[in-house]
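One-based numbering, in listed order, for ligands and for the atoms of each.
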Amino acid sequence: MPNRITPSEISPKSIFLNRRALIAQASAALALGAAGVQPARAAITPPGKNPSLPSKPNPAYSTKEQVTSYEDVTNYNNFYEFGTGKDDPAAYAGDFRTRPWTVAIEGEVQKPQTLGIEDLLKLAGMEERIYRLRCVEGWSMVIPWIGYPLAELIKRAEPTGKAKYVAFETAVQEDTMPGVRRAVLDWPYVEGLRMDEAMHPLTLLAFGLYGEVLPNQNGAPLRIVVPWKYGFKSVKSLVRIRFTEEEPPTSWVKSAAQEYGFYANVNPNVPHPRWSQATERRIGEDGFFSPKRETMLFNGYADEVASLYAGMDLKTNY
Ligand SMILES: Nc1nc2c(c(=O)[nH]1)N[C@H]1C(S)=C(S)[C@@H](COP(=O)(O)O)O[C@H]1N2
Ligand SMILES: [Mo]
């Protein structure tokens with residue numbers, strides 16, 4: 001009997017070899033992935049809403065998780081100076097003035113100084129870093145920030161031996177911020193970090209997101225981003241950095257000390273007094289009723305930051 005081979009079964013040698021080459025490439029890529037080398041990811045497409053802000057991607061400090069849509073990142077916000085509703089910042093931050101802008105650096109430093117935004121933009125190389133952001137309210141996002149480590153700025157001010165903490169302050173513009181006309185919080189919004197937290201390479205001074213300068217509702221023209229802590233630690237629209245010997249007062253501790261602490265490290269095992277922190281809802285992916293995802297200790301950055309809290313009781317230092 002003659003061999004009956006249908007045309008579809010024919011694999012010419014050239015195609016066969018190509019296939020082999022592709023398989024070899026794929027397994028090489030997998031091996032690299034396993035060894036910790038990040039596969040290339042599609043570049044973030046700037047949405048064309050704001051001036052572009054060039055940067056160099058930093059894959060070593062970026063999660064490979066799906067980024068949250070620009071739409072959600074810029075329309076679902078917490079920025080109480082513009083109102084307490086999630087859509088208030090996008091609706092009301094349009095008149096906020098981001099020029100001229102200065103940041104004052106003071107307190108326990110050898111070189112107190114006031115820097116203009118143009119100098120701050122040039123102070124160090126801009127990197128794109130895709131970080132998880134976990135709000136204390138139980139939702140999270142994945143945001144492609146642009147900025148450089150806050151440590152770059154701190155080093156220039158030369159903190160003294162007495163500098164144990166760093167306090168941050170947000171701008172107050174009574175005429176453009178409808179939220180500050182009401183005493184929802186004690187304005188200006190203030191936050192703080194321990195010195196080693198502020199100097200940690202993950203702590204970012206951010207000027208942009210999604211390839212462009214920060215939209216006002218996300219904290220233009222510059223903000224802090226501390227990815228292993230609840231979002232409220234990451235102050236927006238920064239105007240003052242003060243180095244102190246004592247732990248500085250912070251807005252949410254002043255407002256409800258039993259509910260919000262100075263450390264505010266993301267921790268699934270330490271519930272908020274009124275709700276669990278074990279799970280979270282990823283904006284744009286998890287619905288109100290669809291399965292939530294498990295919250296990670298230090299928001300998934302434990303390898304990098306757990307050593308900062310060695311020997312500390314995370315339940316009392318919440
Ligand atoms: N000045 C100021 N900074 C702030 C806030 C605020 O109300 N005012 N909200 C914080 C909270 S609770 C969160 S979750 C993040 C939200 O940042 P995003 O809107 O850019 O996602 O900003 C933080 N920074
Ligand atoms: Mo938050």
Side-chain angles (χ1 to χ4, degrees), residues 49-50 67-93 96 98 101 103 129-147 167-174 176-193 203-210 212-241 250-256 259-261 264-266 272 274-275 277 280-284 295 299:
K49 305 267 182 175
N50 280 300
V67 293
T68 303
S69 74
Y70 183 83
E71 210 42 36
D72 284 333
V73 168
T74 59
N75 286 283
Y76 190 90
N77 300 105
N78 271 338
F79 200 165
Y80 277 19
E81 287 85 336
F82 295 102
T84 52
K86 294 285 175 271
D87 44 9
D88 286 343
Y92 303 123
F96 185 64
T98 59
W101 194 277
V103 176
R129 297 181 176 202
I130 305 169
Y131 282 171
R132 281 179 288 274
L133 178 135
R134 171 60 157 79
C135 179
V136 73
E137 296 165 340
W139 50 269
S140 63
M141 294 195 193
V142 176
I143 303 179
W145 300 108
I146 302 169
F168 305 105
E169 190 180 307
T170 293
V172 178
Q173 280 175 21
E174 302 223 357
T176 67
M177 290 175 149
V180 303
R181 291 165 212 161
R182 288 178 296 134
V184 188
L185 286 172
D186 185 11
W187 315 110
Y189 191 100
V190 288
E191 257 307 333
L193 294 171
T203 302
L204 206 63
L205 190 59
F207 299 80
L209 56 80
Y210 263 96
E212 301 180 351
V213 304
L214 284 173
N216 291 351
Q217 60 267 38
N218 294 91
L222 79 167
R223 68 174 296 170
I224 303 293
V225 179
V226 195
W228 71 94
K229 293 177 180 282
Y230 290 118
F232 67 83
K233 297 297 290 183
S234 295
V235 308
K236 295 178 167 182
S237 306
L238 179 71
V239 291
R240 192 182 312 278
I241 301 178
T250 64
S251 286
W252 286 100
V253 171
K254 284 195 279 178
S255 143
E259 303 190 18
Y260 309 101
N265 291 315
V266 174
H272 181 278
R274 291 184 280 130
W275 60 83
Q277 294 290 22
E280 67 197 57
R281 184 169 61 92
R282 182 66 49 84
I283 301 297
T295 286
N299 203 23

Under a 4.0 Å heavy-atom limit, does [X] contact ligand 1 with its side chain, its backbone, both, or neither?
| X | value |
| --- | --- |
| Tyr80 | both |
| Thr170 | side chain |
| Glu81 | side chain |

Subject >> Over 12 foreign heavy atoms within 6.0 Å of NZ, Lys254 >> reply: yes
**OP:** Name all residues meeting the side chain to side chain donor-acceptor pair (under 3.5 Å) criterion together with Trp145; count only those two or more places apart in sequence or in a different chain, and write none if there are none.
**Re:** none
Original post:
For Tyr131, what residues pass the side chain to side chain donor-acceptor pair (under 3.5 Å) criterion, not counting sequence neighbours?
Top reply: Arg129
**OP:** Give a yes/no verdict on whether any heavy atom in Arg223 is under 4.0 Å from an atom of ligand 1.
**Re:** yes
**OP:** Examine ligand 1 and decide if any of its atoms is less than 4.0 Å from a heavy atom belonging to Ser234.
**Re:** yes
Original post:
Okay, side chain of Asn75, backbone of Glu71: is any donor-acceptor separation there less than 3.5 Å?
Top reply: yes
Original post:
Between Tyr230 and Phe232, what is the ring plane arrangement, given parallel below 30°, perpendicular above 60°, and tilted in between?
Top reply: parallel
Original post:
Would you call the rings of Tyr70 and Tyr210 parallel, tilted or perpendicular, where under 30° means parallel and over 60° means perpendicular?
Top reply: perpendicular
Original post:
N/O to N/O below 3.5 Å, does that happen between Asn218 and ligand 1?
Top reply: yes
**OP:** Please confirm whether Asn78 comes within less than 3.5 Å of ligand 1 when only nitrogen or oxygen atoms on both sides are compared.
**Re:** yes
Original post:
By number and element, which atoms of ligand 1 are closer than 4.0 Å to a non-hydrogen atom of Phe232?
Top reply: 10 (C), 11 (C), 12 (S)
Original post:
At a 4.0 Å threshold, what atoms of ligand 1 neighbour a non-hydrogen atom of Cys135?
Top reply: 14 (S)
Original post:
Which pair of non-hydrogen atoms, one from Ser237 and one from Phe79, has the smallest distance, and what is that distance?
Top reply: OG-CZ, 3.5 Å
Original post:
Going by an N to O cut-off under 4.0 Å, is there a salt bridge joining Arg274 and Glu259?
Top reply: yes
To check your reading of the model: name the closest protein heavy atom to [atom], its residue, and the distance in Å.
| atom | value |
| --- | --- |
| atom 18 (P) of ligand 1 | Lys236 NZ, 3.4 Å |
| atom 6 (C) of ligand 1 | Tyr189 CE1, 3.4 Å |
| atom 15 (C) of ligand 1 | Gly231 O, 3.7 Å |

